[in-house]
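Only one structure is covered here, and it is reproduced in the block below.
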Amino acid sequence: MPSGCDSLIEDIEDMVSASDPTPQERQSARKSIIPRARKRKEQLTNEELQADSLIPGTQTIWMRTWGCSHNNSDGEYMAGQLAASGYKMTDDPSEADLWLLNSCTVKNPAEDHFRNSIKKAQEQQKKVVVAGCVPQAQPRMDYLKGLSIIGVQQIDRVVEVVDEAVKGHSVRLLGQKKDGRRRLGGARLDLPKIRKNPLIEIISINTGVPGITIATDIICGFPGETEADFQETVDLVGHYRFPSLFINQFYPRPGTPAAKMEQVPAHVKKQRTKELSQLFHSYNPYDHKIGERQHVLVTEESFDAQYYVAHNKFYEQVLVPKRSEFKGKMIEVDIYEAGKHFLKGRPVDDSKLFTPSIATPLQKGEVSGLMQEQTSNLANGVNGSTCTPSSPGLLIGSYSLDSEGLKMLGVGLAVVAAIIAFILEKLY
């Protein structure tokens, strides 16, 4: 007789299917849970009286992201979901109850910062949740023991993981999303988010662009790279003269196939990195732009606080005078100077400022991607939402009807129609 344990589940993510509830449905269900009251004969202890402090969704969270634009986009989505669920996001790590650390595995220094942040959080008795490439690739590292982990394809479940971490539990979601045996993609792109810069949206390139500035990374000294291979890289950079280029020497990652391959000598990697960097700094990619008239969107303050930073349609960086009325506006400028990484623009005298959007620009820390009612609930301090995109409903004036309300409305109208028909039959 077969045992009930004969069927082995290799990965908890094998249990995920298309019929499973969406993150919005899971969040909506949280608010409808009604705790059952129990009769207590004994007086509550101090520990029980403090239980309210462990209710998930009431804590403050500090989030730090390292790495590429894709990683920053994941961080924006995670922050948005947490804020929409009731958590307070803060820029001050000292006031946070939990640190969410979103890591990058491209370079060793970034991982060192990530590891040091975990240690610092633990020294300050903070709860920690980690995400990103590092724990995805090496979840069994000693410094990750006991920590909750969100896999790179599981960012839409960040609220669940943080909820459990707040309660003192360790949860790890690292698997590939599956529907039966079919592999699925990662998180949906319509999740709520908090933009790092309220005026800049990180989007997939396949949504289309009017023009493009290519920024790329080149790693020198990957195992097996010959002198001829490197020379082809040099020729490529010389031909295309990339305006933005990030150059680093290869660092072997423990546990990867490349770490087991024969390594290029360290002094050769260093020399190739230096040579490629010299080539990159030998040309100015924007000199031909001087004299052009461009429309630019002003998005932020420069690092030296002397200018506002704007971007043209190619996302090239244009420095403009620091005038408060320019922030978040589209202005017309004449390009009069070009540097290695920037252009400088002089506002055209008779041009008018305008906001290039039908919507009001987001405020710092504001959650985007929410329905109007969800946004109103957040503003009023309501945890969760009463109407989600996955729940069919009807909005009449200031009243919202869900599927249950629509059903009751339909029954009521049918009854009224039957009564009217009966009266008319008696009259005629």
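Residue numbers run from 1 in the order of the sequence given.
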Would you sort out whether Val162 and Leu82 count as a side-chain contact (heavy atoms from CB on, under 4.5 Å), showing the intermediate values? CA-CA 8 Å; Val162 169; Leu82 290 168; 3.8 Å; yes
What orientation do Tyr315 and His311 show, parallel under 30°, tilted 30 to 60°, or perpendicular over 60°? parallel
At what distance, to the nearest 0.5 angstrom, does CD of Glu366 lie from NZ of Lys193? 13.5 Å
With sequence neighbours excluded, what pairs up with Asp91 under the side-chain hydrogen bond (donor to acceptor under 3.5 Å, both in side chains) test? none
With a 4.5 Å limit on heavy-atom distance, are the side chains of Ser302 and Phe342 in contact? no
For Glu164, side-chain hydrogen bond (donor to acceptor under 3.5 Å, both in side chains) partners two or more places apart: Lys167, His169
Any residue meeting side chain to side chain contact (heavy atoms under 4.5 Å, CB included) with His70, in chain and number order, not counting sequence neighbours: Cys68, Asp74
List for me each residue that meets side chain to side chain contact (heavy atoms under 4.5 Å, CB included) alongside Asn116, sequence neighbours excluded, and say none if there are none. none
For residues 320-331, run the donor-acceptor check on the side chains, cut-off 3.5 Å, and write out each pair with its distance to 0.1 Å, sequence neighbours left out.
unit_1: Lys322; atom_1: NZ; unit_2: Glu301; atom_2: OE2; d: 2.4
unit_1: Lys322; atom_1: NZ; unit_2: Ala305; atom_2: O; d: 3.1

Between side-chain atoms of residues 231-244 and protein atoms elsewhere (two or more places apart, or another chain), which donor-acceptor pairs fall under 3.5 Å?
unit_1: Gln231; atom_1: NE2; unit_2: Asp235; atom_2: OD1; d: 3.2
unit_1: Thr233; atom_1: OG1; unit_2: Asp229; atom_2: O; d: 3.4

Is the shortest distance from a Lys or Arg side-chain nitrogen in Arg272 or Glu227 to a carboxylate oxygen in the other one below 4.0 Å? yes
Test ring-ring contact (aromatic ring centres under 6.0 Å, His included) applied to Tyr143 - qualifying residues, sequence neighbours left out: none
Would you list the pairs meeting salt bridge (charged side-chain N to carboxylate O under 4.0 Å, His left out) in which at least one residue belongs to residues 118-131, sequence neighbours left out? none
Okay, side chain of Gln81, backbone of Ile155: is any donor-acceptor separation there less than 3.5 Å? yes
Taking Phe230's backbone N and O only, do any of them form a donor-acceptor pair with Glu225's side chain (distance below 3.5 Å, no angle check)? no
What distance separates Leu144 CG from Arg115 CZ, expressed to the nearest 0.5 Å? 9.5 Å
Those residues at least two apart in sequence (or on a different chain) that pass side-chain hydrogen bond (donor to acceptor under 3.5 Å, both in side chains) with Gln278 are none
Under the side-chain hydrogen bond (donor to acceptor under 3.5 Å, both in side chains) test, which residues partner Lys340, sequence neighbours left out? none
Show which side-chain atoms of residues 95-102 pair as donor or acceptor with protein atoms under 3.5 Å away, not counting sequence neighbours.
unit_1: Glu95; atom_1: OE2; unit_2: Thr90; atom_2: OG1; d: 2.4
unit_1: Asp97; atom_1: OD2; unit_2: Thr60; atom_2: N; d: 2.8
unit_1: Trp99; atom_1: NE1; unit_2: Pro93; atom_2: O; d: 3.0
unit_1: Asn102; atom_1: OD1; unit_2: Gly132; atom_2: N; d: 3.4
unit_1: Asn102; atom_1: ND2; unit_2: Asn71; atom_2: O; d: 3.1

Taken in chain and number order and not counting sequence neighbours, the residues that satisfy side chain to side chain contact (heavy atoms under 4.5 Å, CB included) with Pro265 are His267, Val268
